[in-house]
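First comes the structure, then the notes that go with it.
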Amino acid sequence: KNEVEQSPQNLTAQEGEFITINCSYSVGISALHWLQQHPGGGIVSLFMLSSGKKKHGRLIATINIQEKHSSLHITASHPRDSAVYICAVRTGNQFYFGTGTSLTVIP
Amino acid sequence: DAGVIQSPRHEVTEMGQEVTLRCKPISGHNSLFWYRQTMMRGLELLIYFNNNVPIDDSGMPEDRFSAKMPNASFSTLKIQPSEPRDSAVYFCASRLRASGHYEQYFGPGTRLTVT
């Protein structure tokens with residue numbers, strides 16, 4: 001059983017569409033991270049959340065601690081958003097990672 | 001700042017050889033993380049350090065793996081002896097562990113191939 005589940009695994013969208021990626025987890029956490037891995041392999045940390053909602057540009061991340069669920073939203077998607085998005089949770093000294101959502105945005 | 005620096009970027013070695021991966025964190029950061037990424041298992045945390053001290057190494061797969069952080073600006077991950085199943089991309093990340101600061105900055109990774 002995976003401690004972190006992401007959905008969908010793969011997502012294809014047209015440029016301009018609103019995108020939602022979901023992350024559910026089964027452990028008590030101190031923080032949740034959203035990471036973006038570019039096609040070239042580089043990883044960028046997008047958000048760290050412990051409650052509520054954060055926004056950075058066209059990206060919005062929310063977390064519901066009671067429901068053990070987080071969502072990553074991308075507004076007005078663009079082909080440069082094409083990447084793998086990984087959800088990671090921290091509990092104590094442990095980190096657990098989702099398998100990632102592969103997003104392709106078509107012009 | 002140049003960001004997190006990892007070397008080498010690519011390493012190809014034969015089974016049984018010793019492999020040493022290197023990481024230079026961002027200056028001023030006091031936490032350092034080593035991750036491994038494979039197609040089968042995705043991203044996994046191997047070990048992390050706070051102020052050069054290993055905090056949790058439960059992710060280290062077995063005794064063939066060891067990591068050191070002799071000072072705040074350098075860390076190594078060593079595999080001895082290496083095996084084909086160690087082939088993966090190894091990422092190093094650093095962060096400033098302080099109130100309100102949790103963002104990790106990732107290096108470009110080292111792609112290791114063990115034949």
Side-chain angles (χ1 to χ4, degrees), chain A residues 1-10 21 23-25 27 29-52 54-57 59 61 63 65 70 72 83-103, chain B residues 2-6 8-11 23 25-26 29 31-51 53-60 67 87-113:
Chain A
K1 179 183 181 300
N2 293 331
E3 287 81 1
V4 180
E5 299 279 356
Q6 285 186 237
S7 64
Q9 280 191 314
N10 297 284
I21 299 170
C23 175
S24 296
Y25 52 92
V27 294
I29 69 169
S30 55
L32 182 144
H33 297 256
W34 281 102
L35 308 175
Q36 179 192 53
Q37 186 164 29
H38 295 287
I43 296 177
V44 175
S45 176
L46 298 176
F47 294 104
M48 192 286 295
L49 294 163
S50 55
S51 65
K54 286 190 177 180
K55 183 177 189 292
H56 185 255
L59 302 178
I63 187 168
I65 297 296
S70 175
L72 176 68
V84 175
Y85 293 83
I86 300 169
C87 173
V89 301
R90 178 173 182 171
T91 174
N93 289 332
Q94 296 291 319
F95 281 82
Y96 299 99
F97 295 88
T99 53
T101 294
S102 179
L103 171 66
Chain B
V4 177
I5 298 172
Q6 290 187 247
R9 294 292 307 277
H10 301 272
E11 177 80 39
C23 176
I26 291 173
H29 283 191
S31 290
L32 183 140
F33 303 77
W34 280 103
Y35 296 93
R36 177 174 69 174
Q37 186 177 38
T38 62
M39 288 293 291
M40 289 292 291
R41 300 173 66 90
L43 202 58
E44 304 171 279
L45 175 67
L46 300 177
I47 185 171
Y48 79 95
F49 297 83
N50 283 341
N51 297 315
V53 177
I55 301 302
D56 192 306
D57 65 353
S58 59
M60 297 283 262
S87 297
V89 180
Y90 291 81
F91 288 98
C92 175
S94 71
R95 75 170 185 197
L96 175 60
R97 182 171 176 267
S99 176
H101 293 268
Y102 294 96
E103 182 176 3
Q104 294 185 28
Y105 295 81
F106 284 78
T110 294
R111 182 174 295 278
L112 173 65
T113 303

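Since this is a predicted model, take the numbers as computed values, not measurements.
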TODO: With a 4.5 angstrom heavy-atom cut-off, could you sort out which part of B/Y48 is near chain A: side chain, backbone, both or neither?
DONE: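 Interface part for B/Y48: side chain.
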Task: Portion of B/E44 that has a non-hydrogen atom of chain A nearer than 4.5 angstrom - done: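 Interface part for B/E44: backbone (N, CA, C, O).
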Task: Those residues that, when tested against B/R111, pass salt bridge (charged side-chain N to carboxylate O under 4.0 Å, His left out) (two or more places apart) - done: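 None.
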Task: Heavy-atom pair with the smallest gap, counting every atom of A/Q94 and B/S58 - done: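 Shortest heavy-atom contact: NE2-OG, 2.7 Å.
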- [ ] Drop me the distance from B/Q37's CD to A/F97's CZ, to the nearest 0.5 angstrom.
- [x]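 Here the rounded value is 9.5 Å.
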TODO: First locate atom OG1 of A/T99, then atom CE of B/M39, and finally report the distance between them rounded to the nearest 0.5 Å.
DONE: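 Spacing of OG1 (A/T99) from CE (B/M39) equals 11.0 Å.
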Open item on the list: Taking the side chain as everything from C-beta on, heavy atoms only, tell me whether A/Q37 gets closer than 4.5 Å to B/F91.
Closed with: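 Side chain of A/Q37 against side chain of B/F91, heavy atoms only: contact under 4.5 Å found.
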Open item on the list: I'd like to check B/Y35 versus A/I43 (side-chain heavy atoms, cut-off strictly below 4.5 Å). Are they in contact?
Closed with: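 Sidechains of A/I43 and B/Y35: no contact.
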Task: Partner set under ring-ring contact (aromatic ring centres under 6.0 Å, His included) for B/F49, not counting sequence neighbours - done: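 ring-ring contact (aromatic ring centres under 6.0 Å, His included) list for B/F49, sorted by chain: empty.
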Task: Contacting moiety of A/I86, where chain B heavy atoms sit under 4.5 Å - done: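 The side chain, not the backbone.
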Open item on the list: Between A/L35 and chain B, with a heavy-atom cut-off of 4.5 Å, which part of the residue counts as in contact: side chain, backbone, both or neither?
Closed with: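 Side chain only.
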